[in-house]
Amino acid sequence: MAVPRALRERWRSQSALVLDLVLIAVVWQVSTYFLPPIVAPGLSAIGRALLDIFIEPDLRIHLIYTSLRVLVSLLGAFIIGTAVGLMMGGSDWFRDYMRPLLNLMQGIPALSWIVFAVIWFTEVEVRIAFIILMVTIPTFALQVDSAVRGVNLDFIQLAQAFRASRMQRYAMVLLPAIVPAIISVWSVNLGNAIRVAVVAELIGATTGVGFQLLNAQAVLDMAAAIAWTLSLVLVLFFYQGIIMMIERRLLAWRPKGEQA
Amino acid sequence: MAVPRALRERWRSQSALVLDLVLIAVVWQVSTYFLPPIVAPGLSAIGRALLDIFIEPDLRIHLIYTSLRVLVSLLGAFIIGTAVGLMMGGSDWFRDYMRPLLNLMQGIPALSWIVFAVIWFTEVEVRIAFIILMVTIPTFALQVDSAVRGVNLDFIQLAQAFRASRMQRYAMVLLPAIVPAIISVWSVNLGNAIRVAVVAELIGATTGVGFQLLNAQAVLDMAAAIAWTLSLVLVLFFYQGIIMMIERRLLAWRPKGEQA
Amino acid sequence: AAVPLVPLARPALAQTKLAALDIPSLAMPSLGAFPSPVIKEKGFDKANGLDVTFQPKAAGIYRSDFASGASPLGGSGSLLIDVGLVSEKGAKIIYLFNINDYWGTVAVPGASAIKTLKDLSGKKLAAALPTSNYAIFRYFAKLSGLDLSTVEVMNTSSTALVPMMVSGRVDGVQLWEPAYSILASKGDYRALDFIGLWRESNKVAAMPYQGIAAHEGWVKANPQLIPRLYAMYAQAADFIESSPDEAGSIIAKASKTDPQTMADLIRSKRLGFNMYWAGEQRAATEAMFRAALEIGFLKDMPAPDVLFDKPV
Amino acid sequence: MNPDLPVTFQNVSKRYTQRDEDFLACRNLNFSVAEGETIAIVGETGCGKSTAMQMLLGLQQPSEGRVQVLGCDPFKEFDALRGQVGIVFQTDRLLPWRTASQNIQFGLQVLRIPKARRRRIAGEWLERLGLSQFADAYPHQLSGGMRQRVAIARTFAIEPRVLLADEAFSALDEITASVIRVDLLRLVREQRTTTIFITHSVPEAAEVAERVLVFGRPGQVVKEVNVRDLSSREEAAAEIRIGLQMARAESRRCETSPT
Amino acid sequence: MNPDLPVTFQNVSKRYTQRDEDFLACRNLNFSVAEGETIAIVGETGCGKSTAMQMLLGLQQPSEGRVQVLGCDPFKEFDALRGQVGIVFQTDRLLPWRTASQNIQFGLQVLRIPKARRRRIAGEWLERLGLSQFADAYPHQLSGGMRQRVAIARTFAIEPRVLLADEAFSALDEITASVIRVDLLRLVREQRTTTIFITHSVPEAAEVAERVLVFGRPGQVVKEVNVRDLSSREEAAAEIRIGLQMARAESRRCETSPT
Ligand SMILES: Nc1ncnc2c1ncn2[C@@H]1O[C@H](COP(=O)(O)OP(=O)(O)OP(=O)(O)O)[C@@H](O)[C@H]1O
Ligand SMILES: Nc1ncnc2c1ncn2[C@@H]1O[C@H](COP(=O)(O)OP(=O)(O)OP(=O)(O)O)[C@@H](O)[C@H]1O
Ligand SMILES: [Mg+2]
Ligand SMILES: [Mg+2]
């Protein structure tokens, strides 16, 4: 029967997650016995701080801010990056001009983007979005480009043989063919975006997890610092869950490999 | 004739790079007229500072340190990440356990890794390597996993039909099949590694571009700050060039698509 | 005060073996890092029977390493954070002696209409919120009757403070040294003066801010080193104050800044060099702790024994 | 040659680059197909049959000479032939993310046929080819032969004026192949579709075509067999075999004969 | 059934899951092949021929029943058959990153044959199949037929004791196919290789096999034609055709007949 099987798989991966978390918690708790309590607070202190983040509206708002910043910027980066990547995949000429620019962007650390953001923009949210965009667009664009170039030539010729217009070629062949690559670059960039959002939030923002995290570190409140970090991990899990749902839906056509 | 064609292509991409750089320089120079000179130094000041980095042994050493840190850590992350990714691709069970851990690692910002690095390690170089590894391993592992799952089942069955051992299956089918994915994740991770190396170098290291960059920013020497940033971009270009050389070599078998 | 320079090699000490010592400190161009290059350049460590290796660290790392005891001695110890906060968390930290008193300001453009802290109301202020310098500034804001909730405060990483001001994104910036001097050397900016309020309301002259702190274990284990450390820093502080040009160029070289700016900064006294044993200024120290309690930076009054008394 | 004919090849040559060396796939290829005519092209493997079709489709540009399809240059006037030319490839080329029914609708979607009509047409084709119960199966769930049938339906669904079939039946079992072949020929004749079959089966060529072109290597017409002028299919097959032997003997450049 | 025979299928059934529904690909399949015997399996498209071969190869596990190859269970004792069983698939499955020569060496490499010997064997096979000048060409630079020949060489190069050919010749032109077929049959007989041809070409089955199994749908033996007992190939072909008609008539579950 099919339903139990799908259920069984989902159950297995859920229980794996729980087991992972338990494992990490145990390792942490054990390590606290060997480390001074100032830098390695116990699980209960961390747990309390984490709970606070979710129940106190004053704290929760920071998490919401950061989540939204990540989401909106990432969607923007996705649209821009995918468009650029598709164009690069479609034209050697464009690719030659874009690749160095994207590589250049990749080489610039967030520390430097921060200064440029301050110089060029006044609006806090714009600055944060700018920094996240600068860091995540190259990844989207380069991966999409490489995926487009990996699409089976047979399928492209098929579309050409049927005289599909350029738009149709993209919509009916290229985009569906690169969906797996797009999904995997989303998971990569999600991490990137969260990481850089935290740094970006150090300029101008008095909201957001980045600010709270730095604050907690500055006043040596390690339990809070770890709790804020975990709250980011939870945000990532949440988004990752959405990505996996979309993956299950869009990649349902993939044959299930029996073994590799 | 083939040689002129290859040469022509290389020439075109070289000239594109030069044109890109000229374009950026012009845009920058123009923008300096609208910004106070303290924050937007002219091209000549930046050029002089950049030259200094390469000719003064005292400064050059920082660039060399950072480059080596990035290279060594990235190689380590590649080996670990690829091994984990291959195992994930080969076993649903292992994948279920690793994916949450890798996602968790992705959600932890460098700011927090720094704290953990400080708690767990005392050696500066170890701390830096640890942070770079934590940020780049998940990307390698997740991408390799997704690439392995995308390998044509026909080829895997072929290897099975010939009764290739597990090792042979990896060496003769899976690894060659995922080379394109590996190359593209290298280019992504190169940027990640450089970015995070700069942050990691703020902890305890008095060598490295990260330290110099922060210093230059702190004393408001914007020309130097930009020059250090550019030096990182050059490091990235250098490594990217090596990756492209390897790509040309390993992917020579790919048909050249005429248009997408 | 022109203190006579100590001869570089005192015969009595030169014969005994130098005591090797690692001193973590904040990295240049931070205030706590100013004496380091001078000590090494002029050999003040060797002159006191010490062979010091300074370990510059970023603030976050410096704090964690010190708090966890990974480094038992702190060469840029902040009274409020490294002593007050860490003690609050149960570690036994001793503030040995003070080196610099507090100095902080709000810099505004020369032509700005802002003359006093109260004028900041309704304006945009850039500041590095998670620093002790800003924490103490909050106390001054309160003293001068400025309600910070009426100010649009923008948290800014310390490296972006000056770009924020220079590119005209804010009306003022909360700063310390040497950032302020560098800013002032590159444009027309002036500092709002509010430090005087301290003396008026607390009736104490000193305003302890940062110096040398250590874990209790280290203090117990190394009583003989503490006076030598004090002497070493005292000589460095004297040298810096008495020879601003020479000290300025040493510091400038170490921090890649302009020697003239550094020399001017030393002459301006804004570095606040003020050396005393922690126990010698209990009233001032307690006033500082009280201020921190008032603004909610500390939750409890640290025990009196966190302050080290002058060894006899 | 008459430029009004739906398909004409005039002195067409095609060079590929293989490992930095030139490789001649077609040399001086000349032929044409009349309106509503059904021809077959036979030739040994690697002789350039598929290459000729690629040029006919406008997917490759001739290195020399001129190709005309329905009065257009298929490479340069690419869009002019939309919906006019159909092809069934040697391999199925089903899009793995589309079900059988969605794959059949591919060409109709390119022509912007409304969804409901598209579905109906695909349903009809699935039924005609005995695949109704596999409408929602993905390609990897179908056997090789079933996949090829879906590919055939995909092309016929757009009712092209010129139809190419590049070894379209080689993956089908004999009975299914002949049933589909008959079905297809009926359709082709009803609608007077100009049709080119590429095949390596001599009986198939003799059965389906009014005229058979035997290709030599590199791609060129070595012999033309006019099936209508001959008394029987068997005679045509014999003629074609003679042509293939000639081509084999002539092909000097490539040493293909097994030792 | 005699368990000493190199290949035996005993009451084998195989179920797939298609869109969350069970699909029966083989039902109660029984047959065996004797040492050195050459048999052919024919059957209409989708009847489970390839599925039976996947079970024989140990790539799929039977849902019920038992498959034995050279005394082993091919699924459970997977490694025991290394170098013993060879297959030519329906599609070429050439690794795109290997040249023709390197693709031929694939199986030899699995068996850890030294490099020099591997090269020599590949060279011999390239020559035998008339592909010497394409030794260093990548698959995408070869025509469909040339690719299939490389795939054939890859399998024969390991000289297996049991050989499967799943429509191995369907992509070849008639002449090349018959030349290779003759060559292959010679080899198979010389070395007394136990061979199973899967084909949809009735003449091919009649020509190559000593015994022909006609498969019905879902996979089962509907008729067995013993070619040696009959007077001529033509008679064998006629018998096979009768079997196919029977199978067609019987297959109720799937409505495959074109309307
Ligand atoms: N993209 C390409 N690049 C280089 N050479 C090619 C390319 N495509 C085909 N060739 C070469 O051109 C020749 C003709 O190939 P083509 O595919 O047209 O043959 P074919 O007649 O269709 O053969 P088959 O019957 O086996 O399909 C072959 O020798 C092949 O190696
Ligand atoms: N992996 C799979 N999952 C689900 N169904 C499958 C799978 N593989 C094959 N089938 C189904 O099993 C049946 C038999 O397929 P098989 O490939 O064995 O046929 P075949 O006899 O080889 O046909 P052909 O002559 O067309 O190659 C088909 O109906 C097909 O839809
Ligand atoms: Mg072909
Ligand atoms: Mg099959």
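Convention: sequence-line order gives letters A, B, ...; per-chain numbering from 1. Only heavy atoms go into these numbers, but all of them, side chains included; no hydrogens, no water, no symmetry mates.
- The shortest non-hydrogen separation linking B/Asp20 to A/Asp96 is OD2-O, 4.4 Å.
- For chain B, the nearby parts of A/Val135 are the backbone and the side chain; heavy atoms of each come within less than 4.5 Å.
- Most heavy-atom pairs under 4.5 Å with chain A, from the set B/Ile24, B/Leu21, B/Leu101: that is B/Leu101.
- A/Met244 touches chain B through its side chain: at least one heavy atom from C-beta onward sits under 4.5 Å away, while N, CA, C and O do not.
- Within the 4.5 Å cutoff, no side-chain heavy atoms of A/Thr229 are placed close to those of B/Trp113.
- Heavy-atom distances place the side chain of A/Leu214, and not its backbone, under 4.5 Å from chain B.
- In this structure, chain B has a heavy atom under 4.5 Å from the side chain of A/Phe116, while its backbone stays farther away.
- Looking at every heavy atom in both residues, B/Phe237 comes nearest to A/Asn103 through CE1-CB, 3.4 Å.
- The two atoms that bring B/Arg195 and A/Met105 nearest to each other are NH1-O, 4.0 Å, heavy atoms only.
- Residue with the most contacts toward chain A among B/Asp145, B/Thr139, B/Val235, B/Ile108: B/Ile108 (heavy-atom pairs, distance under 4.5 Å).
- If you tally non-hydrogen atom pairs under 4.5 Å between each of B/Leu213, B/Leu142, B/Ile194 and chain A, the highest count goes to B/Leu213.
- Counting heavy-atom pairs closer than 4.5 Å to chain A, the top residue among B/Asn192, B/Leu102, B/Leu234 is B/Asn192.
- In plain terms, the two heavy atoms of B/Gly107 and A/Leu232 that are nearest each other are O-CB, 3.7 Å.
- For the set A/Ala197, A/Ser184, A/Gly150, A/Ser146, the count of heavy-atom pairs under 4.5 angstrom toward chain B peaks at A/Ser184.
- With a 4.5 Å cut-off on non-hydrogen atoms, B/Ile183 does not touch chain A at all.
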Derivation and outcome, side chain to side chain contact (heavy atoms under 4.5 Å, CB included), residues A/Gln240 and B/Gln106: CA-CA 11 Å; A/Gln240 199 84 53; B/Gln106 283 194 300; 3.9 Å; yes
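- In this structure, the portion of B/Arg99 lying under 4.5 Å from any heavy atom of chain A is its side chain and not its backbone.
- With a 4.5 Å cut-off on non-hydrogen atoms, A/Trp120 touches chain B through its side chain but not through its backbone.
- Judged by distance alone, with hydrogens and angles left aside, the side-chain atoms of A/Gln143 form no donor-acceptor pair with the main-chain N or O of B/Val188 at under 3.5 Å.
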